[in-house]
Amino acid sequence: AAKLSPEKLLCQLRDRVNVTMIQGSDGPFDTSEWQQYLPGKSLNETVGRLDRCAVVSSAGSLKSSRLGQEIDSHDAVLRFNGAPIKGFQEDVGQKTTIRLVNSQLVTVEEQQFLRDALYNTGILIVWDPAPYHAEIHEWYRRPDYNFFESYKLYRSTHPEQPFYILNPKMQWQLWDVLQENSLEYIQPNPPSSGMLGIVIMMTLCDEVHVYEFLPSKRQTDICHYYQKFHDRACTMGAYHPLLFEKNLVKHINQGTDEDIYTHGKVTLPGFRNVRC
Ligand code: NCC
């Protein structure tokens with residue numbers, strides 16, 4: 001597979017990766033029961049038009065970055081899973097507009113997910129690894145983690161908070177673009193929350209700054225900025241094709257290498273501003 005130019009790659013992402021949330025009219029969700037749980041407004045309506053957006057990875061290299069103010073200066077900030085703010089504002093900021101969580105967290109860490117006030121801020125989006133290009137019906141019968149009951153429980157206790165389910169088709173449309181633009185064969189596992197979040201923000205915003213997805217000079221084997229746990233796989237990938245994701249993001253970065261080195265910062269255009 002030959003590598004496309006950055007411009008062509010952006011067009012592929014824009015035109016082939018369909019970022020949508022599950023709606024009440026979609027397949028198995030078109031029941032009267034599900035209508036009570038799924039948000040009435042679309043994600044686009046809920047967030048409105050966004051100009052500058054930040055995506056904050058959970059990498060250990062955010063520690064001592066002092067990027068908090070810069071991150072908070074954005075119109076919207078996306079964070080992942082259980083990444084905390086309290087006690088880390090100086091490095092990661094405090095604004096949370098969207099929190100993207102995986103279905104494992106919602107299911108396996110259910111008690112914490114239902115109780116921890118961390119999740120009560122902003123818009124929640126949950127995603128689940130689906131079989132390769134599976135129909136929504138097939139995925140619904142056999143999700144990777146059966147998070148649906150937990151989702152309903154959360155919606156019942158926080159009816160005012162927007163909480164979306166990411167349409168699982170997106171992960172494999174994105175994976176296909178990753179595979180076609182890599183020289184090696186990629187294990188058929190879905191992209192990380194990080195990569196999914198980047199593409200979600202590219203559909204909502206005019207410009208996206210991503211922090212510590214491509215590691216800065218602070219690169220470390222410490223997995224998360226909020227834990228003492230060491231594992232190189234967190235940055236390089238094990239289950240998720242993280243290394244390939246990072247190569248692709250490096251390829252379409254419109255910022256400087258200096259920005260990556262000093263701030264771990266990547267600049268990407270929103271799809272509205274991509275001309276094909
Ligand atoms: O660790 P995780 O990811 O929550 O991190 C969110 C995203 O940040 C980017 N990242 C993280 C650490 C690091 N050193 N470098 C990075 O670039 C990645 O893009 C990552 O996606 C996930 O993707 O959902 C993941 O979730 C965790 C875990 O399930 C949640 O934190 C909830 O507890 C997974 N860890 C385990 O299952 C043990 C992780 O593999 C992927």
Side-chain angles (χ1 to χ4, degrees), residues 54-65 67 71 77-85 88 91-93 96 98-116 118-119 124-130 143-147 150-151 154 165-166 168 170-172 174-175 178 186-187 189-202 208-250 252-253 260 263-266 268:
V55 173
V56 185
S57 97
S58 304
S61 46
L62 271 158
K63 194 100 186 77
S64 307
S65 69
L67 285 166
I71 289 168
V77 178
L78 182 139
R79 302 182 192 275
F80 299 100
N81 297 318
I85 289 153
F88 303 97
D91 293 333
V92 303
T96 305
I98 302 180
R99 186 174 287 274
L100 178 63
V101 297
N102 65 42
S103 55
Q104 182 186 4
L105 178 138
V106 172
T107 313
V108 180
E109 300 169 38
E110 183 185 59
Q111 291 313 311
Q112 238 170 305
F113 177 68
L114 294 174
R115 268 191 223 128
D116 197 333
L118 173 72
Y119 300 104
L124 290 172
I125 302 177
V126 60
W127 76 277
D128 176 71
D144 196 29
Y145 287 92
N146 199 332
F147 67 95
S150 198
Y151 172 86
Y154 192 96
I165 301 171
L166 186 64
M170 173 207 175
Q171 55 191 266
W172 293 110
L174 178 56
W175 186 92
L178 282 164
I186 307 181
Q187 72 276 19
N189 294 325
S192 71
S193 296
M195 190 67 219
L196 296 172
I198 290 168
V199 177
I200 290 172
M201 285 315 240
M202 289 173 82
V208 180
H209 291 135
V210 186
Y211 293 93
E212 292 289 1
F213 184 65
L214 300 188
S216 69
K217 63 183 177 190
R218 290 178 299 273
Q219 175 161 16
T220 166
D221 285 352
I222 298 171
C223 186
H224 296 129
Y225 67 81
Y226 52 90
Q227 284 171 336
K228 290 219 163 73
F229 171 68
H230 288 246
D231 187 355
R232 272 194 85 212
C234 293
T235 304
M236 307 308 246
Y239 169 76
H240 299 294
L242 250 188
L243 206 55
F244 301 96
E245 299 170 11
K246 293 183 187 208
N247 283 335
L248 181 133
V249 168
K250 175 79 177 31
I252 58 177
N253 176 30
I260 298 174
H263 304 301
K265 176 180 174 182
V266 160
L268 303 173

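Just so you know, ligand 1 is whichever comes first in the structure, and atom 1 is the first atom listed for that ligand. Source: prediction; values computed, not measured.
Contact shell of ligand 1 (protein heavy atoms, cutoff 4.0 Å): Ser57, Ser58, Ala59, Phe80, Asn81, Asn102, Gln104, Leu105, Glu109, Ser192, Ser193, Gly194, Phe213, Cys223, His224, Cys234, Thr235, His240, Leu242, Lys246.
Atom CG of residue Asp128 and atom CG of residue Asn102 lie 9.0 Å apart, to the nearest 0.5 angstrom.
Applying the salt bridge (Lys or Arg N to Asp or Glu O under 4.0 Å) test to every pair with at least one member in residues 212-222, sequence neighbours left out, gives these pairs: Glu212-Arg218.
Scored by the side-chain hydrogen bond (donor to acceptor under 3.5 Å, both in side chains) test, Arg99 finds no partners at all (sequence neighbours excluded).
The aromatic ring centroids of Tyr226 and Phe88 lie 6.0 Å or more from each other.
No donor-acceptor distance shorter than 3.5 angstrom exists from the side chain of Tyr145 to the backbone of Pro129, with no hydrogens or angles considered.
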Which atom pairs, one a donor and one an acceptor, fall under 3.5 Å between side chains of residues 229-242 and the rest of the protein, sequence neighbours left out?
from	atom 1	to	atom 2	distance (Å)
Asp231	OD1	Ala233	N	2.9
His240	ND1	Pro190	O	2.9
His240	ND1	Pro191	O	3.4

